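Presented below is the structure to which this report refers.
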Amino acid sequence: MSSVIEAKVIRSKNTVALARWLLGKKLVAVDPAGVRHSSRICETEAYHGEEDLACHASRARTARTEVMYAEGGVWYVYLCYGIHEMLNLVTGPREQPSAILIRGVEGISGPGRLTRSFGIDRRFNGLPATPGTGLWLEDDGFRLPSGLVRATPRIGVDYAGPVWAAKPWRFHYRPAGIGAR
DNA sequence: TACTCGATCGGA
DNA sequence: CCGATCGAGTAA
């Protein structure tokens, strides 16, 4: 029994806490061919506010980052390295730019491979995370044992300087039975 | 208009 | 380790 994760739930949580909470929830997409994809989110990263030097919004409020200033519950999708579409969920209240990068789901490792596999690209940018748009989140009742969750620094954000690059805002989990890490 | 570089990935 | 590949951001 799965229920759609509504925008009001997304808005009710702090961005970092939400990134952690999203682990184990399902990402569901209907690709351009009409094929439905669904898998459990196993890796996320929080990007929180203009003061977070790893967050795109810390640079400038521009056409690209504008979507992060929206109220939580819409997608922020951008092209990275000219090749990879990066999927983010915008979080927080209006005028407070923050988002969560969906870095991985079970069976697929890496944010660029995830979007390619699910058929996700920039056409979802700015659209709400609802079944109507073809890209949404579900809670199927699965509860991840908290002992499996790991928090580490975010990947590929050395440009943000030592303080912000060190924030343990990347969350992921490892299946039980695989060594401590 | 001319640069530079990136929240990555796969292959050498 | 390096090249792919292209748009955003900045400087001019």
Side-chain angles (χ1 to χ4, degrees), chain A residues 10 13-27 29 31-32 37 39-93 95-129 135-137 149-174 181:
Chain A
I10 292 167
K13 296 175 185 292
N14 159 277
T15 300
V16 176
L18 184 66
R20 156 78 182 71
W21 181 83
L22 243 26
L23 295 181
K25 305 300 185 291
K26 285 191 162 178
L27 177 70
D31 71 22
H37 304 263
S39 187
R40 234 177 263 295
I41 296 169
C42 63
E43 186 179 354
T44 61
E45 279 178 1
Y47 289 85
H48 195 203
E50 287 177 334
E51 76 273 8
D52 175 5
L53 296 184
C55 181
H56 290 162
S58 71
R59 296 281 190 171
R61 183 166 181 163
T62 63
R64 183 178 65 147
T65 60
E66 186 63 30
V67 64
M68 278 202 283
Y69 288 80
E71 192 168 35
V74 300
W75 300 111
Y76 166 39
V77 186
Y78 70 93
L79 187 67
C80 190
Y81 294 102
I83 300 174
H84 307 290
E85 308 279 342
M86 298 284 115
L87 174 66
N88 298 253
L89 179 67
V90 173
T91 61
E95 298 303 309
Q96 235 168 276
S98 51
I100 294 167
L101 172 64
I102 311 296
R103 281 192 72 87
V105 298
E106 288 188 358
I108 306 170
S109 166
R113 298 182 62 197
L114 158 63
T115 53
R116 188 157 52 86
S117 172
F118 275 47
I120 297 164
D121 60 28
R122 282 161 286 171
R123 74 183 186 279
F124 287 107
N125 191 45
L127 297 184
L135 183 59
W136 68 100
L137 298 162
V149 176
R150 304 282 183 269
T152 78
R154 294 167 290 183
I155 305 296
V157 296
D158 288 346
Y159 61 81
V163 172
W164 292 99
K167 297 282 182 191
W169 288 354
R170 168 177 175 254
F171 300 93
H172 65 117
Y173 62 84
R174 287 292 163 82
R181 197 57 211 209

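Each chain gets a letter, A, B and so on, in the order the sequences are listed, and its residues count up from 1. Fair warning: this is a prediction, and the values are worked out from it, not measured in the lab.
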Checklist entry - Roughly, in whole Å, what's the span from CG in A:D158 to P in B:dT8? => result 11 Å
Next on the checklist: Roughly how many Å apart are B:dA2 and C:dT5, using the P atom of each and rounding to a whole number?
Outcome noted: 22 Å
Checklist outcome for this item: When both distances are under 3.5 Å in a Watson-Crick or G-U wobble arrangement, the nucleotide paired with B:dA7 is none
Item to check | Atom-to-atom span, CG of A:D121 to P of B:dT8 - whole angstrom | outcome: 18 Å
Checklist entry - What is the distance, rounded to the nearest whole Å, between atom CD1 of A:I155 and atom C1' of B:dA7? => result 10 Å
Next on the checklist: Suppose we screen for side-chain hydrogen bond (donor to acceptor under 3.5 Å, both in side chains). Which residues come up paired with A:E50, at least two apart in sequence or across chains?
Outcome noted: A:Y69
Next on the checklist: Rounded to whole Å, please give me the gap between CG in A:L101 and C1' in B:dT8.
Outcome noted: 11 Å
Item to check | NZ/NE/NH1/NH2 to OD/OE distance under 4.0 Å, A:K26 and A:E106 | outcome: no
Checklist entry - For A:L87 and B:dT8, what is the distance between atoms CG and P respectively, to the nearest whole Å? => result 14 Å
Next on the checklist: Is there a side-chain contact between A:V67 and A:W75 in this structure, where contact means two heavy atoms from C-beta onward sitting under 4.5 Å apart?
Outcome noted: no
Checklist outcome for this item: The first and last nucleotides of DNA chain C lying within contact of chain A, meaning any atom under 4.0 Å from one of its heavy atoms, run from C:dA4 to C:dG9
Next on the checklist: How many whole angstroms separate atom CG of A:L114 from atom P of B:dG10?
Outcome noted: 13 Å
Item to check | Protein-nucleotide distance (A:Y76, atom OH; B:dA7, atom P), rounded to Å | outcome: 8 Å
Checklist entry - Is the shortest heavy-atom distance from the side chain of A:D121 to the side chain of A:E85 under 4.5 Å? => result yes
Just the table, please: protein N/O against nucleotides 3-6 of chain B N/O, every pair under 3.5 Å.
none

Checklist entry - To the nearest angstrom, how far is A:H172 atom NE2 from B:dA7 atom C1'? => result 16 Å
